[in-house]
Number of protein chains: 2
Amino acid sequence: MTIKDIARLCGVSVSTVSRVLNDRPDVSEENRRRVLEVIESSNYIPNNTARDLVKTKSDAIGLVVRGVSNPFYTDIIRAVEDSITAEGFTMVMQQIGTCDDEIKRGAMMEREKRLRGIVFLGGRSDYTPEELTVLNVPFVCCSYANQYGTLPEGSYASVSIADEEEAYRAVTELYRCGHRRIAALVARTDDRAISQLRYQGYLRALADCGLPTEEELVIRAGSFDIGDAYRATAEKLRQEADFTAVFSIADNMALGAMRALREAGRRVPEDCSVIAIDGLTMSEYFHPMLTTLCQPMEEMGRRSVEILMDMIHGRGRPRCETVRTVLRRGASVRRIN
Amino acid sequence: MTIKDIARLCGVSVSTVSRVLNDRPDVSEENRRRVLEVIESSNYIPNNTARDLVKTKSDAIGLVVRGVSNPFYTDIIRAVEDSITAEGFTMVMQQIGTCDDEIKRGAMMEREKRLRGIVFLGGRSDYTPEELTVLNVPFVCCSYANQYGTLPEGSYASVSIADEEEAYRAVTELYRCGHRRIAALVARTDDRAISQLRYQGYLRALADCGLPTEEELVIRAGSFDIGDAYRATAEKLRQEADFTAVFSIADNMALGAMRALREAGRRVPEDCSVIAIDGLTMSEYFHPMLTTLCQPMEEMGRRSVEILMDMIHGRGRPRCETVRTVLRRGASVRRIN
DNA sequence: GTGAAAGCGCTAACAT
DNA sequence: ATGTTAGCGCTTTCAC
């Protein structure tokens, strides 16, 4: 069933049918009604492929997700998908490994799929202007930004929290509660992305509080995976590392750490406090409830798509939005002063 | 950059370039090399849209996810996406609400996107042959099956656990541990899908164990959402319902229930045991560790795509695979006999 | 082995 | 207001 068949069935030309299909005004009411009727009764659905071809563009937005093991992305993916669909576009999602280059993969998808835009979830924060030249459609970085300042103002879009500052805030919160031996649970300290940024916030907070930086206090999990965090924390505890609080760069990792603490006989928060950043729903159900800086995930997904749409429709330059976290006080942090 | 440009650059015809692009044998080695060279150096990527149009089919597999709030789907979505990409196809994902009709949405997508196949995640279990006629491409039901037997053998494909039986198994496990007052935490009892099937398994188990069915023992959450499960359980506890164990139809819901129990002053498992079905990674990190029947999620996603590929490539009829769960004993169930 | 040409289903001038 | 027609970029006969 093609547009031709509909045209024949209605006794009109294909252009008339096409006009009805695209809600053009220049069709007589009578013809419009007839065409609509036939379309309805024949169950006709236009071939998007043909439409895309002639318009030399599709209705697809690519979502490139880097690092699959973080449940933090789940809610964002949902919000992104919802928004994209609500805007009349289609989401094509592709996951890539932590070692893959999201820009290259995005560029591939862009051309193969004739994408109209791309949302990157969880990428590096230090793109160079040169490597971005392969991208010819608007894109927006969701949940991370160019926080190393390697890109000129206005040349890219992002929606994220201020990772370094929020980490700083979390750590000083522990300091205010009297903690002086504060450990950091990180994925890596050199990923040029979220983990490194939050680690830097941790370091700055320690410095500002007049606390020394010690390798003993850094728990390196290697990834954002809950199991890795659990094992790394367990190992650190086995070495009898001395700390009264843990700042985890992610909720997910904090939950792994809490199990390790528990199994090592250290109660949270009596023997060790835990604070994290992310605000997973799940964290509210743990015992003790995790104290965490909540990212507005639904909003972040939504805003990302809004910015992308503005760019696609030529409304304004790319812009970077920084959203604030909200401290959700659970019961995993104890005052000790 | 189109195929024409490449042809011109190489001094050959578009057909020759097309042949090279599609790995046809009938091209001279010399031409092939030249074309490949130019393609490489010019960064040319074929327009998939045009290819799809002429082949009257795309490389897209649709993933229709129904009910967004269940973290159980996360891992499956990942496995499905990985497998689809590995097979050289593209995943187009669409989420739909619990009230939407997945078959209708699938049919829409099928035609708009020229899908080659569809994976349904979380649908009803009682399709009629008639309503499936709108689907003209192979599809596979992932994580649920036609367990009401409304479809003729060999007319659909699925990968799932035997929901009713696994629920039966979970409940009898509680019985064996001495529990006689066993509550069921369900989403609904009439959704013609997973919740109802597992509830039926619960009922059968009670009957076989000679235990009466009581409304007092049914906690109706209305959805699979953790918050709904938490609230429903809290409400049931406020009514001082009398039970020593809870069978939750999903891990996620069990975690909500455990918080409600804790807040009501009931310790798990000392005062109340909890068992569930799903096997979320997260459940291993809760305290007490949740005892649950684990579904092989990664395998389920992978197998679904394998079956779909077989159907797309005309290898064999649709088939239904039932996978077994594995009991992961946590610490949430206590023997009381 | 290679090229010319006819479409795939649709949109968008352009003509009427 | 409506119809005619030329492509969009590619694959695939069908000649040569």
Side-chain angles (χ1 to χ4, degrees), chain A residues 1-36 38-39 42-60 88 90 108-116 136-137, chain B residues 1-36 38-39 42-60 88 90 108-116 136-137:
Chain A
M1 185 64 68
T2 76
I3 197 172
K4 265 190 196 155
D5 300 316
I6 302 294
R8 197 164 23 72
L9 254 40
C10 297
V12 298
S13 74
V14 290
S15 351
T16 302
V17 179
S18 175
R19 285 183 185 108
V20 173
L21 248 26
N22 294 284
D23 264 328
R24 291 279 148 63
D26 49 352
V27 182
S28 70
E29 261 323 300
E30 192 195 326
N31 269 341
R32 182 185 304 275
R33 217 190 31 257
R34 188 138 42 105
V35 170
L36 251 19
V38 174
I39 285 176
S42 63
N43 247 318
Y44 165 76
I45 296 182
N47 183 333
N48 241 308
T49 308
R51 287 181 134 167
D52 292 350
L53 180 60
V54 55
K55 289 195 290 201
T56 60
K57 56 188 184 184
S58 74
D59 67 347
T90 302
M108 284 278 329
M109 278 178 83
E110 172 194 323
R111 292 191 242 181
E112 282 185 0
K113 300 288 160 198
R114 259 54 189 171
L115 298 184
R116 299 292 298 282
N136 302 303
V137 291
Chain B
M1 187 63 66
T2 76
I3 196 173
K4 264 189 197 157
D5 301 316
I6 302 295
R8 195 163 25 71
L9 255 40
C10 297
V12 298
S13 74
V14 291
S15 344
T16 300
V17 178
S18 176
R19 285 185 184 107
V20 173
L21 247 25
N22 294 283
D23 264 328
R24 290 281 145 65
D26 49 352
V27 183
S28 68
E29 262 321 302
E30 190 194 328
N31 270 340
R32 182 185 304 276
R33 217 189 31 257
R34 187 133 46 105
V35 170
L36 251 18
V38 174
I39 285 177
S42 63
N43 246 319
Y44 165 76
I45 297 182
N47 183 333
N48 241 308
T49 309
R51 290 183 130 164
D52 292 350
L53 180 60
V54 53
K55 290 196 289 202
T56 61
K57 58 188 185 185
S58 74
D59 66 348
T90 302
M108 287 263 347
M109 277 178 83
E110 171 194 323
R111 292 190 242 182
E112 282 186 359
K113 300 286 158 200
R114 258 56 190 172
L115 298 184
R116 299 292 298 282
N136 301 304
V137 291

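Throughout, a chain's letter reflects where its sequence line sits, starting with A, and its residues are numbered from 1.
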If you check the B/V27 side chain, which of D/dG3, C/dT2, D/dG9 turns out closest? C/dT2
Can you tell me how far P of C/dG9 sits from CD1 of A/I45, to the nearest Å? 15 Å
Which nucleotide, D/dC10, D/dT2, D/dT13, lies nearest any side-chain atom of B/Y44? D/dC10
Salt bridge flag under 4.0 Å for residues A/E30 and A/R33: no
A/N22 CG to C/dC10 P: how many Å, rounded? 11 Å
Under 3.5 Å, is there any donor-acceptor pair linking the side chain of B/R24 to the base of C/dG1? no
Examine the base of D/dT4 for any acceptor or donor lying under 3.5 Å from a partner atom in the side chain of A/S15, and report the outcome as yes or no. yes
If you check every side-chain atom of B/S18, which of D/dT12, C/dT11, C/dC8 has the closest atom? D/dT12
Between atom CZ in A/R51 and atom C1' in D/dG7, what is the gap in whole Å? 18 Å
From CZ of B/R114 across to P of C/dC10 the rounded distance in Å is 7 Å
Kindly point out which of D/dG9, D/dT11, C/dG9 is positioned nearest to the side chain of B/T2? D/dG9
Using a heavy-atom cut-off of under 4.0 Å over every strand shown, decide if B/D26 touches base, sugar-phosphate, or nothing. base
Could you tell me the separation between the CZ atom of A/R8 and the P atom of C/dG9, rounded to a whole number of Å? 13 Å
Any side-chain N or O of B/S13 less than 4.0 Å from the OP1 or OP2 oxygen of C/dA4? no
Would you indicate what B/S28 reaches in the nucleic acid, counting non-hydrogen atoms under 4.0 angstrom: base, sugar-phosphate, or nothing? sugar-phosphate
State, yes or no, whether a side-chain contact exists between B/I39 and B/L21 at a heavy-atom distance under 4.5 Å. yes
Short side-chain N/O contact to D/dT2 OP1/OP2 from A/N31, under 4.0 Å: yes
Beyond-backbone contact of B/K113 with A/D59, side-chain heavy atoms, under 4.5 angstrom: yes
On the nucleotide C/dG3, are OP1 or OP2 found under 4.0 Å from the side-chain N or O atoms that B/T16 carries? yes
Can a donor-acceptor pair be found, under 3.5 Å and without considering hydrogens, that links the side chain of A/D52 to the backbone of A/T49? no
Return the 5'-most residue of the pair B/V54, B/G11 with respect to DNA chain C, ranking by each residue's nearest nucleotide. B/G11
Side-chain N,O (A/N47) to OP1/OP2 (C/dC8) below 4.0 Å: no
Whole angstrom is fine here: how far is it from NZ in B/K55 over to P in D/dG9? 17 Å
Pick the closest DNA chain D nucleotide for A/T56 and for A/V12 by heavy atoms, then say which residue is nearer the 5' end. A/V12
Just to be sure I understand the rule, does A/D52 reach a base, reach only the sugar-phosphate, or reach nothing, if contact means heavy atoms closer than 4.0 Å? nothing
Under 4.5 Å between any side-chain heavy atoms of A/R114 and A/T56, yes or no? no
Give the nucleotide from the list D/dG3, D/dG9, D/dT13 with an atom nearest to the side chain of B/R19. D/dT13
A/D59 CG to D/dC8 C1': how many Å, rounded? 16 Å
Rounded to the Å, how far apart are B/R111 CZ and C/dC8 P? 20 Å
Would you check if A/V137 and A/M109 make a side-chain contact, meaning some heavy-atom pair closer than 4.5 Å? no
